[in-house]
Amino acid sequence: MREEYNFEEIENKWQSIWKSENVFSVKEDPGRKKYYCLEMYPYPSGKIHMGHVRNYAIGDVISRFKTMSGFNVLHPIGWDALGLPAENAAIKHGVHPKEWTLDNIAYMKKQLQRMGFNYDWSREVSTCLPEYYRWCQWIFLKLFEKEQAFRKKSWVNWCPSCSTVLANEQVISGLCWRCDAEADQKQMEQWYLKITDYAEELLSGHSRLSSWPEHVLAMQRNWIGKSTGAHVTFPVVGSSQTVEVFTTRIDTIFGATFLVLSPEHPLSADLIGDSADRDSHMAWIKRKIEEQRLSRDEGEAEKEGIDTGKKAVNPFTGEDIPIWIANYILMDYGTGAVMAVPAHDERDFEFAGKYGLSIRVVITPDGMVPKKEPEEATEAYGRLIQSGRFTGKSSRSAMEEMALFAEEQGFGSKSTLFRLRDWGISRQRYWGTPIPVIYCKDCGIVGVPYEELPVQLPSDVELKGEEGSPLARNESFVHTACPKCGGPARRETDTMDTFVDSSWYFFRYCSPGETGLPFQPEAAKYWMPVDLYIGGVEHAILHLIYSRYFCKVLRDLGLTDRDEPFPHYLPQGMVIKDGSAMSKSKGNVVDPDEMIRKYGADTLRIFILFASPPEKEFAWNEKGIEGSFRFLNRIWSFFQENADLFNEYEFNAAEGSEADETVRGLRTKMHQTIRNVTVDIDKRFHLNTAISSIMELLNRMKADRDCLRTSEMGRSALREAMEILIRMLSPFAPHLCEELWQKLGHQQILVHGEWPAFNPELAREETVTVVVQVNGKLRDKFEVERGTAEEEVKSRALKLERIQQILVGRTVRKVICIQDKLVNIVA
RNA sequence: GCCGGGGUGGCGGAAUUGGUAGACGCAAGGGACUUAAAAUCCCUCGGAGAGUCAUCUCUGUGCGGGUUCGAUUCCCGCCCCCGGCACCA
């Protein structure tokens with residue numbers, strides 16, 4: 001009587017064995033090579049979704065494979081457990097964020113375990129626990145001491161729906177990244193981290209991230225936004241004031257026929273101070289500031305400006321040029337003022353055209369005749385004309401010289417500008433890490449002493465969704481004594497952006513129980529960096545740039561010697577269905593629990609890895625999962641049909657002459673499969689083709705089965721193939737494979753088994769198919785012994801009947817022969 | 001507009017260094033088993049045409065050129081799709 005493939009029984013059995021034998025827990029072992037495989041930890045929103053399943057299945061296969069390949073593998077998981085949804089749930093359902101979060105964690109943990117993932121649960125980390133966030137506070141205080149954390153009043157993005165501040169990165173085309181409400185602008189005093197200090201290093205560090213996908217590096221590059229150029233100072237005529245501008249095109253400065261200030265520029269109001277139209281101009285400025293703030297993410301507005309009536313001196317030409325104020329100049333980039341070169345800048349050209357300002361061409365692109373009245377701006381480099389002492393030079397190479405000249409003359413300097421802003425981390429919410437700072441009337445801003453950490457979140461807090469931080473309304477939290485003078489003082493009531501928590505959690509995994517420091521430097525030295533980081537590309541700029549920054553900061557605090565936390569990042573594609581991402585609002589969500597119930601975790605794992613390579617989108621398809629289920633069933637029944645081989649052990653392989661063709665063929669196929677699967681997992685991360693190679697091997701075993709079973713050697717070859725197949729499949733379908741491995745008579749569990757060794761001798765086919773082409777077109781093929789001499793292969797090809805027919809009436813001019821592959825006859 | 005990534009059957013996707021295009025799977029069609037169905041197993045499966053039907057020819061990897069004995073792969077030009085940034089001086 002044949003057994004059915006009872007996935008539920010098998011999966012439960014092995015999950016409890018893995019758990020009771022604690023097989024996934026790892027320790028530092030300096031004698032062994034380590035491998036740190038990490039997937040982005042989840043936000044405990046309630047349930048695992050397919051995106052998680054895919055992400056974690058990829059990491060699970062890689063880490064199981066690496067373990068079998070002899071590495072000491074760290075594969076941890078934890079929870080990004082602070083954040084707004086918990087608080088919103090509290091407001092909506094009256095459940096405390098902590099309770100809500102811990103319940104979700106408990107549920108999702110069960111789901112992950114039900115998938116059979118090989119996490120070392122002893123290293124589990126939850127950012128909402130004081131044992132974790134105390135170290136966020138510790139790091140913050142260190143940064144505060146180094147002036148890497150500082151307070152600044154400025155315009156901030158404000159989400160009215162979440163009633164909190166958002167970092168620039170968290171505003172996506174004008175909307176809150178979390179709730180899609182339209183973000184406002186507000187002026188507030190906030191805590192910032194000085195990530196801009198590391199702008200240059202964050203950019204140059206890209207050279208060490210060569211295995212990151214190009215588009216991710218490009219996004220970061222854009223975000224950092226380095227531009228090299230020069231600052232130039234223009235004195236205001238009849239005043240001691242000056243206007244400083246930044247330009248990347250100092251070569252065009254002889255064509256600078258006016259200056260333009262942002263409406264927000266501090267001088268804007270000043271310069272129109274004594275003009276006749278003062279009041280209307282002031283009103284205009286106010287209106288434009290407002291408009292710029294509101295429309296900043298709505299694309300380009302019609303260019304508008306006003307003449308201040310004042311002039312400035314172009315220090316290169318000595319000419320007086322008008323100073324304008326216009327809405328196309330941004331205050332928060334560069335100096336908030338530009339030199340306008342209408343002949344060589346599209347925007348300035350458009351503006352000059354509208355207001356009749358003069359245009360002077362100072363560059364001719366090579367081989368072109370300069371026009372007095374150009375129809376468009378020419379931004380190309382070329383030869384300088386009308387440029388005083390620089391006339392005739394190449395504009396590109398003159399830039400250096402002109403910047404140097406400005407420097408010598410004292411009205412400018414070479415400089416570099418970054419688009420990257422300091423990271424605003426203050427959030428006016430409850431469910432985050434309290435910023436460990438005390439405000440004292442006499443002593444000012446005082447850090448909470450290290451020995452008093454953590455500053456705990458009070459549990460008795462009312463969450464009703466009113467504006468302002470809930471902590472600010474909690475009297476017993478707010479009122480405290482100044483650590484310096486002992487006088488009455490107030491606690492900071494803002495909490496940290498949760499991206500702070502996630503910027504170093506991967507260090508914490510190295511020594512999660514550490515009580516004296518955020519993590520043990522020795523443990524981190526062993527495990528870090530993360531060898532493979534897997535997660536959604538939506539974090540390409542936010543999380544990944546913050547984490548890179550934190551790694552450098554922790555390095556400068558002496559806690560680690562690593563410069564980069566994630567030398568290899570593998571972004572995984574979205575899981576979609578019916579053409580769009582799975583979401584409740586679309587109603588196209590597929591529940592992993594339901595799939596596990598129906599097909600089992602192994603099938604779900606196989607399917608989600610099989611249909612496309614990790615970096616591509618994965619399109620859910622109900623029929624597809626049945627195909628994966630069938631595959632596992634075919635394996636199960638194949639083993640049932642050959643159960644008599646379970647107890648035959650050694651492959652007493654006489655290679656070569658004694659083995660018949662089928663045996664040799666199977667072993668060749670087997671070793672080719674080992675090679676392909678190994679390369680696919682280890683080098684290419686193409687788990688889909690790894691699975692299809694294993695399918696091919698099974699197909700071959702099934703096809704040759706009857707023939708193989710007729711001989712002793714055949715049976716033993718078949719048994720060997722069954723073992724190899726199971727070992728290779730085990731990272732993908734670990735439960736089924738453990739079960740079959742046990743049936744094959746093994747005592748030791750497969751988790752600790754060895755990855756099959758590849759033997760190139762055996763993978764090499766003894767005979768190969770040589771393709772015969774005539775003028776590049778496939779005409780015939782024949783079998784030949786591997787390594788047959790070129791001359792013989794050529795003459796055999798030419799003697800083929802079909803080839804002879806085709807060659808009738810033609811002259812063979814040339815015969816190209818590629819060893820063991822192809823003959824191409826040119827005739 | 002700028003930057004990045006792509007375009008291969010009905011579908012998801014293979015093709016490792018320029019050398020048999022379409023592996024593996026899904027769907028579809030046909031057959032076996034069955035009273036019947038499901039499951040399972042076997043066969044066919046890019047398009048067009050011919051046929052002596054256990055075959056052959058032409059054509060085919062977004063479009064147009066080029067290099068080469070040979071191009072999905074390399075080069076030039078174009079079209080389209082996706083992602084990111086966007087008045088960044």
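Reckoned from all heavy atoms, side chains included, excluding hydrogens, waters and symmetry mates. In the text below, chain A, chain B and the rest are named by the order of the sequence lines, each starting its count at 1.
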N/O donor-acceptor pair, side chain A/Asn222 with base B/C85, under 3.5 angstrom: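 No such pair is found, so the answer is no.
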Side chain of A/Glu214 - closest among B/A27, B/G4, B/U20: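 For the A/Glu214 side chain, the nearest candidate turns out to be B/G4.
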Indicate, with a heavy-atom threshold strictly under 4.0 Å, whether [X] touches base, sugar-phosphate, or nothing.
X	answer
A/Lys777	sugar-phosphate
A/Arg813	nothing
A/Val771	base

Six-ring centre of A/Tyr328, A/Lys303 cation under 6.0 angstrom, axis tolerance 45°: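 Satisfied, under 6.0 Å and within 45°.
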Heavy-atom nearest nucleotide on RNA chain B for A/Asp348 versus A/Arg634: which residue maps closer to 5'?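 With A/Asp348 and A/Arg634 compared, the 5'-side residue is A/Arg634.
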On RNA chain B, nearest-nucleotide positions of A/Phe246 versus A/His215: which is more 5'?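 Nearer the 5' end of the strand: A/His215.
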Would you please enumerate the stems RNA chain B participates in, each stem being three or more consecutive Watson-Crick or G-U wobble pairs with both distances under 3.5 Å? B:1-7 with B:79-85, B:10-12 with B:24-26, B:28-32 with B:40-44, B:46-50 with B:55-59, B:62-66 with B:74-78
If we ignore hydrogens and angles and just use 3.5 Å, is the side chain of A/Arg605 paired with the main-chain N or O of A/Pro731 as donor and acceptor?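 Pair found, side chain donor or acceptor close to backbone of A/Pro731.
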Holding to salt bridge (charged side-chain N to carboxylate O under 4.0 Å, His left out), I want the full list of residues that pass it with A/Arg684, two or more places apart in sequence or in another chain.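 Counting only residues at least two positions away or on another chain, A/Arg684 forms a salt bridge (charged side-chain N to carboxylate O under 4.0 Å, His left out) with A/Asp680.
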Holding to salt bridge (charged side-chain N to carboxylate O under 4.0 Å, His left out), I want the full list of residues that pass it with A/Arg249, two or more places apart in sequence or in another chain.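 A/Arg249 satisfies salt bridge (charged side-chain N to carboxylate O under 4.0 Å, His left out) with A/Asp251 only.
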Check whether more than 12 heavy atoms from other residues, nucleotides or ligands sit under 6.0 Å from atom [atom1] of [X], and answer yes or no.
X	atom1	result
A/Lys821	NZ	no
A/Glu785	CD	no
A/Arg786	CZ	yes

Are A/Arg700 and A/Glu696 ion-paired here, with the side-chain N under 4.0 Å from a carboxylate O?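 So A/Arg700 does not pair with A/Glu696 through a salt bridge.
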Under a 4.0 Å N-O cut-off, is there an ion pair linking A/Lys354 with A/Glu304?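 Salt bridge: no.
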For a quick check, with a 4.0 angstrom heavy-atom cut-off, what is the B/S/- contact string for nucleotides 10-16 of chain B, read 5' to 3'? --BSSSB
Any N/O pairs under 3.5 Å between the protein and nucleotides 43-47 of chain B? List them or say none.
none

Show every donor-acceptor pair shorter than 3.5 Å between a side-chain atom in residues 607-616 of chain A and any protein atom, with sequence neighbours excluded, or say none if there are none.
unit_1, atom_1, unit_2, atom_2, d
A/Ser612, OG, A/Arg54, NH2, 3.4
A/Ser612, OG, A/Glu617, O, 3.1

Spacing of the C1' atoms in B/C81 and B/A27 (rounded, Å):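 Here B/A27 and B/C81 have their C1' atoms 25 Å from each other.
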If I compare all heavy atoms of A/Tyr333 with all of A/Phe418, which pair ends up nearest, and what's the gap? CE1-O, 4.3 Å
